[in-house]
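Taking it in order: structure first as structure tokens, then the write-up.
No hydrogens, no waters, no symmetry mates; every other heavy atom, side chains included, goes into these values. Numbers here are sequence positions counted from 1.
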Amino acid sequence: MNATPHFETEADLDAQSGKDRIKKKLIRDMGPEVLALFSDPSTIELMLNADGQLWVERLGGRVVPAGLIPLHRAEAIIRDGAGFHGKEA
């Protein structure tokens with residue numbers, strides 16, 4: 001089986017290219033600390049307060065602080081996550 005995606009039209013290629021750019025920006029904006037939380041299979045939930053405090057809940061654990069995310073970075077993550085799915089935030 002060929003693992004390379006097949007695109008029917010130029011528009012399909014453009015859409016995939018746009019998603020790739022958004023994905024790279026999301027990875028950059030989240031940073032290694034937040035990406036590690038997302039990648040951790042024990043993470044149940046991530047929550048962000050208006051003051052920028054990030055909280056994490058893990059399997060069998062309590063909700064604990066996990067760092068701070070500046071407002072401009074949090075807004076970029078939300079906006080790009082929505083854009084990745086063709087929505088606006």
Anything under 3.5 Å between a donor and an acceptor, one on a side chain of residues 67-77, the other on a protein residue two or more places apart or in another chain? List them.
unit_1	atom_1	unit_2	atom_2	d
R73	NE	D29	O	2.5
R73	NH2	D29	O	3.4
R73	NH2	M30	O	2.7

Can you pull the side chain to side chain donor-acceptor pair (under 3.5 Å) pairs that have at least one residue in residues 43-63, sequence neighbours excluded?
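Residue pairs passing side chain to side chain donor-acceptor pair (under 3.5 Å), neighbours aside: D40-R58.
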Applying the 4.5 Å side-chain criterion to the ILVMFWY set and letting contacts propagate, would [X] and [Y] be lumped into a single cluster?
X	Y	value
L35	L54	yes
I44	F38	no
L37	L59	no
L48	I27	yes

Dump the intermediate steps for side-chain contact (heavy atoms from CB on, under 4.5 Å) on V64 and V56, then the final yes or no.
CA-CA 6 Å; V64 295; V56 62; 3.8 Å; yes
Which donor-acceptor pairs under 3.5 Å do side chains of residues 79-89 form with protein atoms, sequence neighbours excluded?
unit_1	atom_1	unit_2	atom_2	d
D80	OD2	K25	NZ	3.0

